[in-house]
Asks: 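The structure that follows is given in the form of structure tokens.
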There are 2 protein chains.
Amino acid sequence: MARRSDHAPEELKRLALEAARAIVTEEGSRGLTVRRVAERIGYAPGTIYNLFANLDDLIVQVNAATLDALAVVLVEAAQAEPRARPERLVEAYFDFVESRPRLWSMLFEHRLPEGEDLPDWYRPKLAALISLVAEALGPLMPEDSAVARQAATVTMWAGLHGISTLAVSSKLALVADTKPRALGHLLVRRMLG
Amino acid sequence: MARRSDHAPEELKRLALEAARAIVTEEGSRGLTVRRVAERIGYAPGTIYNLFANLDDLIVQVNAATLDALAVVLVEAAQAEPRARPERLVEAYFDFVESRPRLWSMLFEHRLPEGEDLPDWYRPKLAALISLVAEALGPLMPEDSAVARQAATVTMWAGLHGISTLAVSSKLALVADTKPRALGHLLVRRMLG
DNA sequence: GCATCAATTGAACGATGTTCAATTTCATAC
DNA sequence: GTATGAAATTGAACATCGTTCAATTGATGC
């Protein structure tokens with residue numbers, strides 16, 4: 001049984017990504033295998049390789065979707081009036097992380113094979129996220145030059161990232177009794193002067 | 001051929017950890033397998049399971065050693081006169097990360113199987129690191145309560161962690177042309193008010 | 001020298017990512 | 001309707017992985 005026009009090729013890819021997302025959500029990235037994804041969508045393992053170069057490619061695409069979802073959430077938080085934005089952004093960020101801890105883990109813990117780089121289409125996604133925050137917080141930042149504002153934004157972003165990944169891997173709770181979210185607010189408050 | 005008194009049991013464990021460390025240093029955590037470690041020390045795969053519960057256990061112990069090495073480096077940096085400490089600590093931190101990027105990656109990217117926690121002896125190692133920084137920077141911090149100082153310290157620590165892991169996975173270079181180290185200094189400067 | 005015991009082995013198992021020749025289905029042409 | 005060709009799908013095969021464990025080996029105590 002080949003060629004099922006059950007699903008157009010694009011549809012099939014969407015199905016596979018959705019299945020992968022579900023597996024990671026339910027049991028973490030360790031449960032994500034090519035065979036499980038195939039089984040879940042009712043195809044043979046080999047079919048996955050028509051849709052993705054390999055398992056790493058599939059993972060990167062799931063991660064990209066997670067990044068997109070984060071962008072949506074942050075865009076909304078950035079609509080708030082300027083002075084409320086820092087709080088809103090931090091809240092939105094941690095709400096997102098806490099609602100998808102396993103997808104979040106995979107997003108930042110997955111490593112490509114040595115020497116392989118993230119695909120070119122990945123960079124704009126990350127850059128868009130940073131720009132979003134930079135523009136939302138720009139009016140509130142003390143620094144004058146655009147370069148300095150960019151540096152401050154990236155630092156905040158990396159800082160939030162650090163807090164959330166340590167929290168998700170339960171390494172933060174080992175050394176702090178303060179909620180991750182509170183540390184995030186502290187960080188942003190200080191970074192904005 | 002059994003019982004080689006070539007190596008006492010403790011010595012053998014040390015050898016295995018050193019072999020694992022070398023493999024990760026040379027080719028990253030993806031190259032680390034039980035069979036490769038065994039081969040490298042001239043034993044059969046099964047022997048590794050006399051020394052470690054499983055591969056995850058071995059990895060956690062390599063990671064613990066990395067953490068210990070970081071502590072050594074930071075202790076030295078903390079000897080400086082109080083006002084020079086922030087700079088020195090940040091420099092020492094990034095020197096360390098840049099000198100062992102692959103060990104560093106594994107330290108924070110490795111995940112235990114779902115539901116398994118880090119061993120109990122791991123917590124004090126992390127806590128000691130935080131205390132070290134907290135005590136070194138305490139005199140320079142504007143906050144009054146010990147709780148607030150702890151929160152600020154953890155935030156700095158998590159922030160540096162975020163910056164360095166994004167840098168090591170080359171995600172930072174995608175969005176910032178500022179050197180990670182400079183972002184680290186910026187973060188600490190702001191966090192210390 | 002013999003028996004005991006623990007360390008060590010390596011074959012075996014199930015599962016993994018990946019490949020690819022063979023098969024099956026669909027669209028098209030007649 | 002049927003034949004043809006292209007394309008999608010299959011699933012067996014391969015190498016490798018983590019892990020287990022009965023068998024084997026070497027040292028130790030008597």
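Proteins get letters first, then strands, A, B, ... in listed order; numbering begins at 1 in each. Note that this is a predicted model, so its numbers are computed, not measured. As a basis for the values below, the full set of heavy atoms in this structure was taken, side chains included, without hydrogen atoms, waters or symmetry mates.
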Asks: Over how many whole Å does the gap from A/Asn50 atom CG to C/dT25 atom P extend?
Replies: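 These atoms are roughly 16 Å apart.
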
Asks: Can you check the A/Leu51 CG to D/dA7 P distance for me, whole Å?
Replies: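 Rounding to the nearest Å, CG of A/Leu51 and P of D/dA7 are 16 Å apart.
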
Asks: Roughly, in whole Å, what's the span from CD1 in B/Ile59 to P in D/dC17?
Replies: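 Rounded to the whole Å, the gap is 13 Å.
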
Asks: Can you establish whether the number of heavy atoms outside B/Glu98 located under 6.0 Å from its atom CD is more than 12?
Replies: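 Counting other residues, nucleotides and ligands, CD of B/Glu98 exceeds 12 neighbours.
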
Asks: Tell me the interatomic distance from B/His110, atom NE2, to D/dG18, atom P, rounded to whole angstroms.
Replies: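 In whole Å, D/dG18 P and B/His110 NE2 are 11 Å from each other.
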
Asks: Pull out every protein N or O sitting under 3.5 Å from an N or O of nucleotides 17-22 of chain C, one pair per line with the distance.
Replies:
| from | atom 1 | to | atom 2 | distance (Å) |
| --- | --- | --- | --- | --- |
| C/dG17 | OP1 | A/Val34 | N | 3.3 |
| C/dG17 | OP2 | A/Val34 | N | 3.2 |
| C/dG17 | N7 | A/Arg35 | NH1 | 2.5 |
| C/dG17 | O6 | A/Arg35 | NH2 | 3.1 |
| C/dT18 | OP2 | A/Tyr49 | OH | 2.8 |
| C/dT18 | OP2 | A/Leu55 | N | 2.8 |
| C/dT18 | O5' | A/Tyr49 | OH | 3.2 |

Asks: Can you name the side chain to side chain donor-acceptor pair (under 3.5 Å) partners of B/Glu18, sequence neighbours left out?
Replies: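 Result, side chain to side chain donor-acceptor pair (under 3.5 Å) vs B/Glu18: B/Arg21.
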
Asks: Provide, to the nearest angstrom, the distance between the CD1 atom belonging to B/Ile48 and the C1' atom belonging to C/dA7.
Replies: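 Rounding to the nearest Å, CD1 of B/Ile48 and C1' of C/dA7 are 13 Å apart.
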
Asks: Could you list the residues that satisfy side chain to side chain contact (heavy atoms under 4.5 Å, CB included) with B/Pro142, not counting sequence neighbours?
Replies: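 Once residues adjacent in sequence are excluded, B/Pro142 has no partner under the side chain to side chain contact (heavy atoms under 4.5 Å, CB included) criterion.
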
Asks: Applying salt bridge (Lys or Arg N to Asp or Glu O under 4.0 Å), can you list everything that pairs with A/Arg88, at least two apart in sequence or on another chain?
Replies: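 Testing A/Arg88 for salt bridge (Lys or Arg N to Asp or Glu O under 4.0 Å), a comparison that skips the adjacent residues, returns none.
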
Asks: For B/Asp68, enumerate each residue passing the side chain to side chain donor-acceptor pair (under 3.5 Å) test, keeping only those at least two apart in sequence or located in another chain.
Replies: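 B/Asp68 satisfies side chain to side chain donor-acceptor pair (under 3.5 Å) with B/Lys125 once adjacent residues are dropped.
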
Asks: Could you check how far CD of A/Glu39 sits from P of D/dT10, rounded to whole Å?
Replies: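 Result: 13 Å.
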
Asks: Do any pairs count as a ring-ring contact (aromatic ring centres under 6.0 Å, His included) and have a residue in residues 129-162 of chain B, sequence neighbours left out, and if so which ones?
Replies: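 Listed by first then second residue: B/Phe108-B/His161.
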
Asks: Expressed as a whole number of angstroms, how long is the span from A/Leu58:CG to C/dT16:C1'?
Replies: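 For the pair A/Leu58 CG and C/dT16 C1', the rounded distance is 15 Å.
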
Asks: Rounded to whole angstroms, how far apart are CG on B/Asp57 and P on D/dG18?
Replies: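 Distance check: B/Asp57 CG to D/dG18 P gives 14 Å.
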
